[in-house]
Amino acid sequence: MAFDLNWPPLHSILDLGLLSTALIATATYAIARSIYLLNFHPLSRFPGPKIAAVSNVWYAYHWLSGRWPWAVEACLKSYGDIVRIAPNELVFASPKAFTDIYTSHDKGLETFHKTDIHDFARDRDGGLIWEQDPVKHRKVAKQMAPAFSAKATRSKDPTLHKYVNLFVEKMKEVGEKAGGVSLPTWIQWLAMDIAADMAYHHEVNCMGNEKDSAYLGVTLSFNKFVTMTQVLRRFPALSFLRFVVFPVSLMGKLMELRKTSLAELHRRITLQGATEHLDYFGQLVPADGYVPDTDNPKEILHLSKIATQLMFAGYLPPSDWYYGAFFHLLHNREYLDILTQEIRESFASYDEITPNAAASLPYLNACLKESLRLFNTSAVINGMPVYSPGAVVHGHYIPKGTTCQFSSFSVSRSSRYFCDAHQYRPQRWLAAEHGLFEARFANDDLDAFSPFSQGPRICVGKEIAWWQARLVMAKILWTFNVQVAPGQIVNLETDLKAWGYWVKPELRVRFLTAQ
Ligand code: HEM
């Protein structure tokens, strides 16, 4: 028998040796890192799932499943008000923590800086909402502030009426059908038509065309991709995977949209001082003021970011709010009936309904507040992550650089702050002297959650959002008896999904003309 003296080949032995050395080294590193993260890392004293302390797998899994808010809520129930949800990240769930984090400032500049969660373009310009640098943010925020004054808000009344009236007209045409109309679709069209026109005079006409505008279509399709990109930032070696959920078929539409939005922006800039009504963008190109340099790509990028952000900030949370309000009222008919009666008794005719007059209806205000509580908007579902500057939060020192987020979702559904926390109960928001107030809600901590945030980054559109929401609800409920189309069972607890923003379950609704 002949033996091959060259077998096994020397290079194979060397390769195997190298491979096993690499494997052993990786395993040793992973074990040592886990021991460090669990026992010696500055956040090791905070409780939470072990897997979340040693890797971002927990974070990734729950974000990608679309159930992040529920996963965080379950953790907070198990571990307490501060939970470690990733190696260098904590989530908080107490009103005190909210104040400590979001109102903390030094001469008006926030001390907890925003993270890069929204910085997808990496072009060093966060516009207004995504701007991470507090100094740059304050400059733009100051410039924009007058656009949201009470006077500026009132000047937008005709535009607001125009779109709400169009919604009412459309529902008279299509809302009576036995099968009803899609509530999420029509609500988002209404909210988008209002928001785009108010942001920068952009008439996207979703309701008129009965279809998503190009912006809306592309945005809705990129929801999962955005979350995938956010998650994969934590796994750089796997970043290619985001293309698994990239809507390739929309590439053409995306390019087209880029072109048309640029054209829209240039159109708006040239309208300087000649717009039909005041829009938010007017602050950046005032009638008798600064003329932007349209040949400067940096300036165009900055203006286009702000225009788009104003449009989406004005569209997304309101569309969640109106959907949530209708959803809960439709599933709690007794409250819908009380609200409808309050509205109809307050206005003898449709034309009497104004945002100003609607502001004084206590039951309407109560229903809208309860809707925000039970259906947190997309503005807060990502936990509004910020970096600790090295500060005390909820009595604990949080080391510099720790990512801190807040679970509004858990706090607003917690029985520690609200009686019947999971139930839609508008009466909790009524004054004690109102005939429908119930004493069992007297101990509710109504300030426990801040749907519009607080501090230097508070929602600048808060007043206009209220202004719009009251008119939308009052005009619709004055005109229509609203009911769920037969044969539908929708459970928000299981059917709602959260990625970059909520994906709301379909609900077919009938709008029956009452007067
Ligand atoms: C349901 C209604 C609304 C809710 C619940 C809401 C909520 C919020 C929240 C929580 C923030 C802070 C986000 C963060 O710091 O990450 C915010 C910021 C903002 N919101 Fe709203 N919003 C609403 C409607 C509006 C409307 C109608 C506008 C009009 C354009 C608007 C414009 C803005 C702007 C410009 C910011 C950024 C402020 C800044 O960073 O200085 N919002 N909003």
Side-chain angles (χ1 to χ4, degrees), residues 63 66 68-70 72-73 91-93 95 98-99 101-103 110 112 114-120 126-132 137 140-141 144 148 184 187-188 191-192 194-196 198-199 216 219-220 222-223 226-227 230 280 305-306 308-325 327 368-386 404-413 447-469 472 492 496-504:
W63 262 116
W68 175 254
W70 287 268
V72 168
E73 182 183 53
V91 64
F92 295 83
F98 191 91
T99 312
I101 295 171
Y102 298 100
T103 65
E110 69 259 28
F112 285 73
K114 281 198 168 190
T115 67
D116 61 358
I117 191 165
H118 291 301
D119 183 10
F120 294 107
L128 168 62
I129 304 180
W130 303 341
E131 182 53 65
Q132 292 174 257
H137 167 261
V140 183
M144 289 306 305
F148 298 93
I187 286 296
Q188 78 196 11
M192 180 48 104
I194 297 174
M198 290 204 176
L216 197 52
T219 310
L220 298 175
F222 275 82
N223 194 6
V226 163
T227 300
Q230 166 200 325
Y280 309 131
K305 277 219 168 153
I306 298 178
T308 313
Q309 288 173 0
L310 288 170
M311 181 168 73
F312 280 105
Y315 148 72
L316 204 47
S319 78
D320 296 336
W321 196 6
Y322 311 155
Y323 174 89
F327 185 95
L368 283 168
K369 283 183 186 165
E370 185 67 348
S371 306
L372 273 181
R373 182 187 73 83
L374 218 47
F375 196 105
N376 278 198
T377 67
S378 298
V380 295
I381 52 169
N382 68 8
M384 299 197 298
V386 288
C404 302
Q405 49 168 280
F406 184 79
S407 177
S408 284
F409 185 80
S410 313
V411 170
S412 57
R413 292 153 48 102
D447 295 326
F449 87 115
S450 301
F452 295 92
S453 194
Q454 293 174 5
R457 293 287 188 145
I458 190 171
C459 173
V460 69
K462 179 178 172 180
E463 291 313 319
I464 198 156
W466 268 103
W467 203 243
Q468 294 175 11
V472 166
L492 278 189
L496 190 59
K497 291 278 160 38
W499 282 290
Y501 47 84
W502 291 121
V503 178
K504 304 174 204 82

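On a predicted model such as this, the values are computed, not experimentally measured, just so you know. Heavy atoms only: backbone and side chains are in, while hydrogens, waters and symmetry mates are out.
Although no hydrogens or angles enter the test, the distance criterion places no donor-acceptor pair under 3.5 Å between the side chain of Asn223 and the main chain of Trp499. Side-chain atoms of Lys462 do not come within 3.5 Å of backbone N or O of Pro451 as any donor-acceptor pair. A donor-acceptor contact shorter than 3.5 Å links the side chain of Tyr501 to the backbone of Leu220. Side-chain atoms of Ser319 do not come within 3.5 Å of backbone N or O of Ile187 as any donor-acceptor pair.
Going from atom CD of Glu463 over to atom CZ of Phe452 covers 8.0 Å, rounded to the nearest 0.5 Å. Separating the CG atom in Leu316 from the CG atom in Leu216 is a distance of 9.5 Å, to the nearest 0.5 Å. In this structure, OH in Tyr280 is found 12.5 Å from CG in Leu128, a value given to the nearest 0.5 Å. Residue Leu496 holds its CG atom at 8.5 Å from NZ of Lys504, rounded to the nearest 0.5 Å. The line from CG of Leu310 to CE of Met144 is 4.5 Å long, rounded to the nearest 0.5 Å. Taking CZ from Phe98 and OG from Ser453, the interatomic distance works out to 4.0 Å, rounded to the nearest 0.5 Å.
For Asn376, the side chain to side chain donor-acceptor pair (under 3.5 Å) partners at least two apart in sequence or on another chain are Ser412. Considering only residues two or more places apart in sequence or on other chains, Gln309 meets the side chain to side chain donor-acceptor pair (under 3.5 Å) condition with none of them. Shown here are the ring-ring contact (aromatic ring centres under 6.0 Å, His included) partners of His118, two or more places apart in sequence or in another chain: Trp130.
Heavy atoms only, all atoms of each residue included: Asn382 and Gln405 are closest at O-OE1, 3.7 Å. Contact record, Arg373 with Arg413: NH1-CA, 4.4 Å, taken as the closest heavy-atom pair. Nearest approach of Ile101 to Cys404, heavy atoms of both residues: CD1-CB, 4.1 Å. Considering all non-hydrogen atoms of both residues, Ala313 and Ile129 come closest at CB-CD1, 3.5 Å. Closest approach of Gly127 and Ile306 over heavy atoms only: CA-CG1, 3.9 Å. Considering every non-hydrogen atom in both His137 and Pro456, the closest pair reads CE1-O, 3.7 Å.
At a threshold of 4.5 Å between non-hydrogen side-chain atoms, the residues Leu372 and Thr377 count as touching. Counting only heavy atoms from C-beta outward, the side chains of Lys305 and Glu131 never approach each other to under 4.5 Å. Within the 4.5 Å cutoff, no side-chain heavy atoms of Lys114 are placed close to those of Met384. Contact check for Val72 versus Phe409: no side-chain heavy atoms found under the 4.5 Å cut-off. You'll find the side chain of Trp466 reaches within 4.5 Å of the side chain of Lys369, heavy atoms only. When side chains are defined from C-beta on, Met198 counts as touching Ile464, because their heavy atoms get closer than 4.5 Å. Proximity of Phe406 to Tyr102: side-chain heavy atoms (C-beta onward) are separated by under 4.5 Å at one or more points. Within the 4.5 Å cutoff, the side chain of Gln468 has no heavy atoms near those of the Trp321 side chain.
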Task: CA sep, side-chain torsions, deciding dist, call: Leu492, Phe375, side chain to side chain contact (heavy atoms under 4.5 Å, CB included) - done: CA-CA 9 Å; Leu492 278 189; Phe375 196 105; 3.9 Å; yes

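Taking the six-membered ring for Trp and thresholds of 30 and 60 degrees, Trp68 and Trp63 have nearly parallel ring planes, at less than 30 degrees apart. Between Phe312 and Tyr315, the two ring planes are perpendicular [angle over 60°; tilted spans 30° to 60°]. Classified by interplanar angle (parallel below 30°, tilted 30° to 60°, perpendicular above 60°), the ring pair Trp502/Trp70 is perpendicular.
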